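Indexing begins at 1, ligand by ligand and atom by atom, following the structure's order. Everything numeric in this text was worked out from a predicted model, so none of it was measured.
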Amino acid sequence: MLKEKVISAEKIQKVIATLAEEINADLEGRDPVFVGILKGAVYFMTALTLHLNRSVVVDFIQASSYGATTESSGTVTLIKDVTVDIAGKDVYVIEDIVDTGLTLADVVALLRARHPRSVQVVTLLSKSSRRKIEIPLDFVGLEIEDRFVVGFGLDFAERFRNLRDIWEFVSDQEGA
Ligand code: IMP
């Protein structure tokens, strides 16, 4: 069940506008490709790139979610690869939330192997307290505490992605 609204739609839009200002300044002199991680980052990617003041290339990548035993980097299984050549490009990886960091570490390693000029990470949310792997985040919207959240792209079992606000989700047993 949806327990509590954690971040309002208005706040999300403000955070994205601020991130876009920082990224607009960073884009100077770069040859940018924005790579969104499917599916969660779709809403964030769309809102963010609409705030940018120059044309950028947009692409998506989808990695398999890791199982409990898959904890090493560089072992990600690709479900959908990017379709543009990122060699020599400035890649901005767009993520909805960084939790343990394992998914992102794998995706960044995979993209770096294609010899882009740079790889930077942009995430809407970060749960730093849950990190299992050191991964530098270049642009972070909001730090959140260790709660499971849904909405604005984030799901529980594929549901709730299209909520405008971000909510804490708890299973019915916990919420009862
Ligand atoms: P990580 O590899 O543990 O950092 O997990 C990153 C991915 O797990 C995100 O892209 C989300 O798909 C998912 N995830 C982590 N925390 C949450 C959450 O609170 N709500 C929904 N999905 C989450």
Side-chain angles (χ1 to χ4, degrees), residues 1-9 11-13 15-16 19-20 23 33-49 58-82 86 91-113 119-175:
M1 59 173 252
L2 299 177
K3 185 179 174 194
E4 186 192 345
K5 194 188 285 188
V6 180
I7 312 169
S8 70
K11 173 79 176 172
I12 295 168
Q13 294 307 324
V15 167
I16 292 174
L19 276 176
I23 294 168
V33 179
F34 280 59
V35 177
I37 304 183
L38 293 171
K39 301 174 190 174
V42 167
Y43 293 79
F44 176 40
M45 172 80 131
T46 305
L48 180 73
T49 52
V58 168
D59 206 339
F60 290 96
I61 196 167
Q62 187 169 13
S64 66
S65 46
Y66 51 87
T69 54
T70 311
E71 296 216 346
S72 60
S73 292
T75 56
V76 68
T77 306
L78 272 187
I79 295 171
K80 186 220 169 289
D81 202 349
V82 290
I86 60 167
V91 173
Y92 293 80
V93 179
I94 310 299
E95 180 62 302
D96 50 1
I97 188 165
V98 181
D99 185 28
T100 64
L102 294 171
T103 306
L104 189 62
D106 279 350
V107 169
V108 167
L110 187 138
L111 293 173
R112 279 199 195 284
V119 179
Q120 297 192 90
V121 175
V122 185
T123 187
L124 179 61
L125 303 176
S126 171
K127 285 188 207 169
S128 297
S129 62
R130 296 251 313 156
R131 211 72 90 239
K132 285 191 182 166
I133 188 167
E134 194 68 35
I135 176 128
L137 304 179
D138 301 278
F139 302 92
V140 178
L142 284 175
E143 275 294 335
I144 62 163
E145 26 174 316
D146 182 11
R147 309 206 251 182
F148 194 85
V149 288
V150 296
F152 202 73
L154 293 155
D155 74 307
F156 173 73
E158 295 297 333
R159 293 181 58 212
F160 308 114
R161 292 193 196 276
N162 62 313
L163 300 180
R164 277 188 297 271
D165 308 287
I166 291 176
W167 294 75
E168 179 175 7
F169 176 87
V170 292
S171 67
D172 284 336
Q173 287 94 324
E174 284 175 68

Enumerate the atoms of ligand 1 whose separation from the nearest heavy atom of [X] is less than 4.0 angstrom.
{"X": "T103", "value": "1 (P), 2 (O), 5 (O), 6 (C)"}
{"X": "R147", "value": "19 (O)"}
{"X": "E95", "value": "10 (O)"}
{"X": "T100", "value": "1 (P), 2 (O), 3 (O), 4 (O)"}

Pairwise distance [atom1]([X]) to [atom2]([Y]) - rounded to 0.5 angstrom:
{"X": "K80", "Y": "K39", "atom1": "NZ", "atom2": "NZ", "result": "13.5 Å"}
{"X": "L2", "Y": "D165", "atom1": "CG", "atom2": "CG", "result": "10.0 Å"}
{"X": "T123", "Y": "I97", "atom1": "OG1", "atom2": "CD1", "result": "7.0 Å"}
{"X": "I7", "Y": "L142", "atom1": "CD1", "atom2": "CG", "result": "5.0 Å"}

Main-chain N/O of K127 paired with R131 side-chain donor or acceptor, under 3.5 Å:
yes
Do ligand 1 and V149 have nitrogen or oxygen atoms that lie under 3.5 Å from each other?
yes
Does [X] come within less than 4.0 angstrom of ligand 1, counting non-hydrogen atoms of the residue?
{"X": "K132", "value": "no"}
{"X": "V150", "value": "no"}
{"X": "I144", "value": "no"}
{"X": "G40", "value": "no"}

Evaluate the ring planes of F148 and F169, with Trp represented by its six-membered ring, and classify them as parallel (under 30°), tilted (30 to 60°) or perpendicular (over 60°).
perpendicular
Under 4.0 Å, heavy atoms only, figure out whether ligand 1 is touched by the backbone of L154, its side chain, both or neither.
side chain
Does K127 approach ligand 1 within less than 4.0 angstrom via side chain, backbone, both or neither, non-hydrogen atoms only?
side chain
Side chains of L19 and F44, heavy atoms from C-beta outward: is any pair under 4.5 Å?
yes
Do E158 and R161 sit within salt-bridge range, that is, some charged N less than 4.0 Å from a carboxylate O?
yes
